[in-house]
> 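Encoded as structure tokens, here's the structure I'll be asking about.
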Number of protein chains: 2
Amino acid sequence: MTIAFASRKNVILYMKTYRRGTMAIGIKDIARLAGVSTATVSRALSHPGRVSPETRAQVMAVVEEHDYRVNSFARSLRVRRADAVLAMVPNLGNPFFSEIIAGIQDGLTPAGLDLLVTDSLSQQARRQSPVTHLQAARADGLICLDGALPAGILDDLAAGDVAGRVVFACEWPEGRGFPVVRSDNRAGMALAVQHLVGLGHRDFALLTGPEGNVLTRERREGAEAALAQAGLSLPPSRIAGGSFEIRDGFRAAGDLMRMPSRPTAILCSSDQLAIGCISGLSELGVRVPQDVSVVGFDDIALAAYSCPPLTTIRQDRRRLGRIAAERLLSSLSGKPPAETLTTLPVEIVVRRSTAAASKAVK
Amino acid sequence: MTIAFASRKNVILYMKTYRRGTMAIGIKDIARLAGVSTATVSRALSHPGRVSPETRAQVMAVVEEHDYRVNSFARSLRVRRADAVLAMVPNLGNPFFSEIIAGIQDGLTPAGLDLLVTDSLSQQARRQSPVTHLQAARADGLICLDGALPAGILDDLAAGDVAGRVVFACEWPEGRGFPVVRSDNRAGMALAVQHLVGLGHRDFALLTGPEGNVLTRERREGAEAALAQAGLSLPPSRIAGGSFEIRDGFRAAGDLMRMPSRPTAILCSSDQLAIGCISGLSELGVRVPQDVSVVGFDDIALAAYSCPPLTTIRQDRRRLGRIAAERLLSSLSGKPPAETLTTLPVEIVVRRSTAAASKAVK
DNA sequence: CAGGTCGATGTAAACGATTGCTATGCGATT
DNA sequence: AATCGCATAGCAATCGTTTACATCGACCTG
């Protein structure tokens, strides 16, 4: 059985050799077969009301018989519209984004648009920016899930020729005025804090995402504000993290527990962080939730089945994607943007990683 | 002088804008500004060797200055090539596929191809099949991760005009002769069985995926064959499951433990099943791995952090995607397919969900 | 019955690139 | 000196649609 084979050679061969071999059937053939002009075929297909019922039926019969499809390039070239949208994620391999992508697809499908995807790394590899796709007319619009684009690209995205064709979702660059669709990160953290305070916790820690990320900031601020309201605060020594990844949750758990005074409740900026954190805690013999309570953020599918099942903040990622797509569509159709910031509600789902603060904590 | 030049350029641009009502700059503009013909611009861009160094530099300068991009539709129309590939997954929201998609992107990027994605549901919603995209020239090829396409669509995919433009990855329809890239499912299950037999286990159970799925079949067969080799067998009452989802693992755990005689080792056809299963077992007070050992399949990111960390069969999904992309590229370039079935090796990663069979089992 | 309206269709010009031919200029070969 | 070859660049056809405009009856109206 074979394992793999040289790729570079294929690439070169592809670039040099490939031509679409088969001669596809075109509108002219249909016209001839149906005994009408190409204009009539085109109209029968895209403006059925503009041709007589008999002609339409006749054309359709031929179209069906030969399984004809309009060549999308010729069409797009003529109408100057790609009928496609590009979604750019920081990392395609990160499962966190898959549901947002699915939501985008949901939003695009009713409008008959296609979905192109790419990730920031591949773009860099090709020395391209998503702007290229727009300029090359390959996509009508862009939904960007990466809030950390370089300034130069952001400038391009704000420039005249792509204005109104970009929506940010989930993450976004600050102070740029792009339309964005996001979850209510502050409210989410507030929910988490209130839940834990209600359980009697007074000693909090926070696991944050990467430095400079908007979500990191909003979630931290949300936590701090809610804690302040409860008369509590979050000393810097109680803030750890540095990415949304599992392994940092694991690592941070160790760091936190090594401190002289231990928190009884840990707020995590992602479920991955929370799962890593719990894993790290159990490694240290710290029990969740008996010794410390942990709450996550996102409510990924596995959250309900981790052990213990994770108390977390649910954000509806699918909906977020769909709404981003809808906003883009509306913006593409020339409608003036309603507001630039759309904030989606979140909710807390209480499972078993949180419990009343233990009285006997040191 | 610079001023004069700039203003003339602006006038030209303005006139163009005014006339056409669009801001896109075209090859004609570049040609005019560089003082050459469009043919030369085109050649400077795509066959740099065919123009003199001076001309090329001159053209490039103008191209850079105006940030010109070739209109991909005009180009695709002319060269009859989309430079894009469609990936079709059963369900975009399922994170299992995200890494395969990332791998596909990896394979496509060096060749400069774009990636379109869609899922089976959206296709149905639009009453389209992936064939449509190929016929409409929207994509050069298709990578299909859905092995359960209706027969009619499979017929279309095998038909003349799309022949050689399809590769199946991960899953595939049987008895059709399409090129397939897959993991070595049988060997994977054999690895799992051997590991457990080595730990002294004699009482096995198997959690399967959906009925009719190739992966379900191959993994079951792999398990059965390896067990047979060890002189063991798998009675029907020890086979449960019905999907790759977490919740079915959870449910199946209950079913299995309700049987009069309990297995000491559970083979799961996916990590999700395994995680659900462990969750279900712990619900019933059954400890993993002390009471029963569980092994998963896939090695998803969370597998290392579940509790206990999951012993599982790793399949390199990213590589699988990349190789599928490379096979498609090679096939598009007209090379005769080497062999239709490419099988990727898997390996077992032993963590803590498996242990020696307890002597004291009832 | 002349003139006007309207609906259905055809004609042909875009859309923006690529590329087979052809023309030109210039150095090398015989 | 005449010819050949080659590198370079332009001309114009072409890719497969859509759509503005023209055409042509049929029907209506005064």
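The model shown is predicted, which means the values in this text are computed figures rather than measured ones. A note on names: the letters A, B, ... follow the listed sequences, proteins ahead of strands, and every chain is numbered from 1.
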> Among D:dT18, C:dA17, D:dT8, find the nucleotide with the atom closest to the side chain of A:Val70.
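Nearest to the side chain of A:Val70 among the choices is D:dT18.
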
> Could you grab the distance from atom CG of A:Leu157 to atom CZ of A:Arg165, nearest 0.5 Å is fine?
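That separation rounds to 10.5 Å.
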
> To the nearest angstrom, how far is A:Lys28 atom NZ from C:dA12 atom P?
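Checked: the NZ to P distance equals 13 Å.
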
> Using distance only, find each side-chain donor-acceptor pair of residues 54-61 of chain B under 3.5 Å and give its atom names and separation, not counting sequence neighbours.
| residue | atom | partner | partner atom | Å |
| --- | --- | --- | --- | --- |
| B:Glu54 | OE1 | B:Ser52 | OG | 3.4 |
| B:Thr55 | OG1 | B:Ser52 | OG | 2.6 |
| B:Arg56 | NE | B:Pro48 | O | 3.2 |
| B:Arg56 | NH2 | B:Pro48 | O | 3.2 |
| B:Gln58 | NE2 | B:Ala34 | O | 3.1 |

> Tabulate protein N/O versus nucleotide N/O from nucleotides 19-21 of chain D, keeping only pairs under 3.5 Å, one per line.
| residue | atom | partner | partner atom | Å |
| --- | --- | --- | --- | --- |
| D:dT19 | OP2 | A:His47 | NE2 | 3.4 |
| D:dT19 | O4' | A:Arg78 | NH2 | 3.4 |

> Listed by chain and number, what are the side-chain hydrogen bond (donor to acceptor under 3.5 Å, both in side chains) partners of A:Arg322, not counting sequence neighbours?
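Partners of A:Arg322 under the side-chain hydrogen bond (donor to acceptor under 3.5 Å, both in side chains) test: A:Glu326.
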
> B:Glu54 CD to D:dT8 P: how many Å, rounded?
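The distance from CD of B:Glu54 to P of D:dT8 comes to 8 Å, rounded to the nearest Å.
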
> At 10 degrees resolution, what angle do the end axes of the helix from C:dC1-D:dG30 to C:dT30-D:dA1 form when each is taken over five base pairs?
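Overall, the helix from C:dC1-D:dG30 to C:dT30-D:dA1 bends by 50° from one end axis to the other.
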
> From the list C:dT11, C:dC15, D:dG10, which nucleotide is the closest neighbour of the side chain of B:Ser37?
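Nearest to the side chain of B:Ser37 among the choices is D:dG10.
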
> Given C:dA17, is OP1 or OP2 found less than 4.0 Å from the side-chain N or O atoms of B:Tyr68?
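Yes, such a contact exists.
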
> Can you list everything that forms a side-chain hydrogen bond (donor to acceptor under 3.5 Å, both in side chains) with B:Ser120? Sequence neighbours excluded, please.
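Listed in chain order: B:Asp146.
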
> Counting only side-chain nitrogens and oxygens, does B:Arg69 get under 4.0 Å of the OP1 or OP2 atom of C:dA17?
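Checking C:dA17 against B:Arg69, no side-chain N or O comes under 4.0 Å of OP1 or OP2.
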
> Do any side-chain atoms of residues 25-33 of chain A form donor-acceptor pairs under 3.5 angstrom with protein atoms, and if so which ones, sequence neighbours left out?
| residue | atom | partner | partner atom | Å |
| --- | --- | --- | --- | --- |
| A:Asp29 | OD1 | A:Arg32 | NH2 | 2.8 |
| A:Asp29 | OD2 | A:Gly26 | N | 2.7 |

